[in-house]
Structure formats: structure tokens, C-alpha cells
**Q** 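Below is the structure I would like to discuss, written out as C-alpha cells.
For ligands, and for the atoms within them, numbers begin at 1 and follow the listed sequence.
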Amino acid sequence: MRADSPLAAARRQLSEAADFLGISEGLSALLAHPRREMAVSVPLRRDDGRIALYQGYRVQHNLSRGPAKGGVRFAPGVDLDEVRALAMWMTWKCALVDIPYGGAKGGVAIDPRTHSPAELERVTRRYTSELAGFIGPERDIPAPDIGTDEQTMAWMMDTVSVSRGYTVPGVVTGKPLQIGGSRGRTQSTSLGVARIALAALESRGLRASRASAAIQGFGKVGAGVARLLAGSGVAIRAVSDQYGALLNTAGIDVAALADHVRATGSVRAFPGAEAIDPAELLTADVDVLLPCAIEGVLTADNAHAVRARIVVEGANGPTTPDADEILRDRDVLVVPDILANAGGVVVSYFEWVQANQAYWWSTQQVEERLEERMLAGWHLVTETARDNDVTLRAAATAIAVSRVAEAHRIRGLYP
Ligand code: GLU
């Protein structure tokens, strides 16, 4: 395992929380390792008739507070250690916002951009059927993540349902509305990130209408965050995706950029801003930086140069522990992923509750309940951090780990 890998980061965060909480070495070791994991081969008959083989994973990190919960990622770099880290973060995220789940994550090492929809359907169905005995509404509930979407979830739900002989809507969340999805799920992660970013700005005495932001990633999370923050008056000065980065110190027209991305597939060559080196986005002169793409982007190499006073983690694990220390020493407020981007899994929980009751809420009900949970998390984490003089990440991780540890203590060890 690389010293700067996501799994090393996740374990270091856990071990700091365990020290802070005085958790025993045995329990701490138990929490550092997944409860169960599955590695599967996923053969695909490509459209041209050739057979390709991909590796797929599903890791259930912890089940002590309820069924495992977490997304499925389709990306070329997916490996078991990355999935282990993401699964551990899901356990803490669900515990922190107090939804009755453990944590899981899955993935297939495939580049979805170089595969047709029909190929992606076959890969999804084969991966799902390999996991069929492992997932279910009371066992483990997948959801979208990088490279997957509501169509992927519809295929997963259908594959499980056909093999069981009846419709199982609660097996995945993030489904299309027509087959049991929840209103508000698609933009729920962005809504939560934007709400937390506004709370963070306010906590530092900054008015949204005078504030500026840089957003890394213009996908499912970043594009929504840009739209919502711009709607609250924040100037979105810099945006990037995997193809390029843009800067406009007067503020980017986010709606026009979204149209450009729909038409061309990337933010590159957008006429309303100047092209910059993607690395420059992270050090742009803004009040709040929102990494909303992948893990490990803020490191010991660039954390010194971050100019934003606030970092809000829309992605999972974008800040390495070394960068975290540098940012703390420079008094940059880092709002951790397990709080900032929890809106997605909170509305996943709402979707699962609605599916189990076969009773559907309005968009307003979903959004109000989401905001309530996000703000409750924000207040709990900021107060815990203040009372103990620790960072928001240390506070959030400690709250989550103590809830999971408590569940273990109450349930006891079998046999
Ligand atoms: N993939 C999202 C996350 O990382 C959502 C997970 C879920 O809804 O289960 O939080």
C-alpha cells in the first residue's frame, strides 16, 4: 500500500480518531479492516465480438449499524485498496449523519467513456449477478458514484429482480423516479455540498454575495454545486473537469457553461473564460475551494499554495493527511467529505425508506429533510471541533467512529 494512498489516509484518520477516543487496539484493528470483500472477474462480449475481462469489487466495511451502503464506481483506476478506503469512509459518513447503515463501496476497473451503452449494460448486469447473493435491501445497497448513474442503477435493480422473480426496488438507490427513485436524489449531493459551503462562508463572516469559489469537477456533483452557489450569489471564478480548466475573475456564467458541456462534452474551449492549467485551479484566488472530483488532489506538494480560506470536500478523500496538516497550520477551514458530501447518501436513505413503505415524498419534503440533516451535522461537527480544539475532520471522524464503536460494544462479540 502506497503511503499516500486513499487507504493509508483512511487508516491514518481512523487511528487518530481511535487515539482521541481511547478505543482499544483490538476494536481499532477491527475497524481498520473490511468486514467482507468480494473480487470478481467481469467478462464482457464487446460490440465487435471480442471478449474483454475487467476486475470488479464490492467491499462491505462495516455492518454494525445496519445494512452496508455505498456507491459503485466505473473508472479505469479502480482497485481493491481504493474501494476499501471508500467503503470505510461510507461507514463514517452514514454514522455521522445518523442514518442506519454500515459502509460499502464497489467498482469495476473499466473506462465507461470507451464503451457503448449496450456494453455498459452487459458489464453492469454481469457484475450485479456476480454480487447477487451479497447485496439486497437488508444486506448491502449500492448507489451511483463516479462513472455510474441512474440508468446503471435501473440495470442493477432489474438484474436482481429478474433473478429473484419479483421486483426489489430497495436493492439500490439513485434509481430513476419511474421505478422507485426519490425526488431530489439526482441533485442531493450538490445541494448538501452547497448548503454546507454557505454555512462555512457564514461561519467565517463572509457574505455569499461577496464570496468567490473554485470548483474542481463539473460532473454530477460539481456542476450542481456551481449552479446552486451561483444562484446564491457566489462568483464561480474557476472550474475544471478532466479535460481542462477555466478562469474568469468576474465570475463564470454557469448556465452557459452547462450548455457548452452538454454540447461538447467538456469545459474546454468555453468562450466565456480563459483556459488555465488544471493544477492552477486548486490555488486560485477565491474564498472557497470545492474539490468535487476524485481523491488525493490536495497533497503536501500543493497545500502550501492553496489561497482559499475554506475547502469544502465534494469528492471523497480529496485531501491527503499531510495536506490536511498543512491546511490546519495555515488556518484553512477544511469541511470534510463525510459531512460535506453526505447529502447523496442521506437522500439514498430517504429513497430506501420510501421504497420500503411504498409511499413517496414531495421534492419539498425531501429537500427540507435533507437540509435539516446537513445542518444538524454541521452544528454537531463544528461544536465538537470547537469544544475539543480539533479540526472539523478530526471531530467528524471521532463522532462517527464513536457511534460505530458504541454499536459494537452494545452488540458484543459473537461467539
Ligand atoms: N456515491 C455516493 C457517496 O460517495 C452516494 C452513496 C450512496 O448513496 O449510497 O456518498
Side-chain angles (χ1 to χ4, degrees), residues 6 10 57-63 65-75 78 82-108 112 131 135-150 152-153 156-157 169-176 180-193 196 217 219-222 224-225 291-295 312-318 335-355 366 370 373-374 377 396 400:
Y57 310 94
R58 184 77 184 167
V59 172
Q60 296 173 352
H61 170 258
N62 195 280
L63 308 171
R65 300 181 72 258
K69 185 83 192 83
V72 171
R73 177 173 289 197
F74 284 1
V78 164
E82 181 190 54
V83 178
R84 286 172 172 149
L86 292 161
M88 192 190 304
W89 284 324
M90 284 310 302
T91 301
W92 311 145
K93 197 185 298 187
C94 295
L96 178 64
V97 291
D98 210 7
I99 55 180
Y101 293 134
K105 203 80 172 198
V108 179
L131 298 185
I135 58 175
E138 288 161 342
R139 297 174 179 217
D140 179 357
I141 307 136
D145 197 82
I146 293 172
T148 57
D149 58 16
E150 53 175 44
T152 323
M153 295 305 115
M156 290 188 80
M157 190 267 237
V171 65
V172 292
T173 58
K175 296 178 295 293
S182 175
R183 294 187 193 285
R185 174 63 183 87
T186 317
Q187 60 157 350
S188 56
T189 310
S190 309
L191 253 177
V193 172
I196 292 289
K220 287 198 290 279
V221 179
V225 171
C292 296
I294 51 166
E295 55 268 16
V312 178
E313 296 185 333
N316 292 313
V335 188
D337 46 6
I338 59 171
L339 171 63
N341 72 30
V345 76
V346 167
V347 179
S348 276
Y349 165 58
F350 295 163
E351 178 175 333
W352 179 79
V353 167
Q354 293 171 79
V366 170
L370 170 61
R373 294 239 173 201
M374 295 306 295

**Q** Quick test: of every protein heavy atom, which one is nearest to atom 9 (O) of ligand 1, and how far off is it to 0.1 Å?
**A** K69 NZ, 2.8 Å

**Q** Does E351 approach ligand 1 within less than 4.0 angstrom via side chain, backbone, both or neither, non-hydrogen atoms only?
**A** neither

**Q** Can you name the atoms of ligand 1, numbered from 1 with element, that are less than 4.0 Å from a heavy atom of M90?
**A** 3 (C), 4 (O), 6 (C), 10 (O)

**Q** Specify the protein heavy atom at minimum distance from atom 8 (O) of ligand 1: its residue, its atom name, and the distance to 0.1 Å.
**A** S348 OG, 2.6 Å

**Q** What is the closest protein heavy atom to atom 7 (C) of ligand 1, and at what distance does it sit?
**A** A143 CB, 3.3 Å

**Q** I'd like to know if E295 pairs up with K105 as an ion pair, taking the criterion as any Lys NZ or Arg NE/NH1/NH2 lying under 4.0 Å from an Asp or Glu carboxylate oxygen.
**A** no

**Q** Heavy-atom distances under 4.0 Å decide this one: backbone, side chain, both or neither, for K105 against ligand 1?
**A** side chain

**Q** Need the ligand 1 atom indices (1-based, order shown) with element for anything under 4.0 Å from a heavy-atom of G70.
**A** 9 (O)

**Q** Quick one: does ligand 1 sit under 4.0 Å from the side chain of L86, the backbone, both or neither, non-hydrogen atoms only?
**A** neither

**Q** Where is the nearest protein heavy atom to atom 10 (O) of ligand 1: which residue, which atom, and how far?
**A** K93 NZ, 2.6 Å

**Q** Which distance, rounded to the nearest 0.5 Å, do you find between the CG of L339 and the CE of M374?
**A** 5.5 Å

**Q** Give a yes or no on whether the backbone of T148 and the side-chain of K220 come within a donor-acceptor separation of less than 3.5 Å.
**A** yes

**Q** Using every non-hydrogen atom in the two residues, find where K175 and P169 come nearest and quote the distance to one decimal.
**A** NZ-O, 2.8 Å

**Q** Tell me whether N341 has any N or O atom under 3.5 angstrom from an N or O of ligand 1.
**A** no

**Q** Would you indicate whether the side-chain heavy atoms of V97 and Y349 approach each other to under 4.5 Å?
**A** no

**Q** If you count every heavy atom of other residues, nucleotides or ligands that lies below 6.0 Å from L63 atom CG, does the total exceed 12?
**A** yes

**Q** Under 6.0 Å from the CZ atom of R65, do we count more than 12 heavy atoms belonging to anything else shown?
**A** yes

**Q** Answer with yes or no whether R73 contacts ligand 1, where contact means a heavy atom under 4.0 Å from a ligand atom.
**A** no

**Q** Which heavy atom in C94 sits nearest to a heavy atom in V345, and how many Å separate them?
**A** SG-CG2, 4.1 Å

**Q** What is the distance from atom CD of E313 to atom CH2 of W89, rounded to the nearest 0.5 Å?
**A** 8.5 Å

**Q** Indicate yes or no: does an N/O atom of P144 lie under 3.5 Å from an N/O atom of ligand 1?
**A** yes

**Q** Heavy atom of R185 under 4.0 Å from ligand 1?
**A** yes

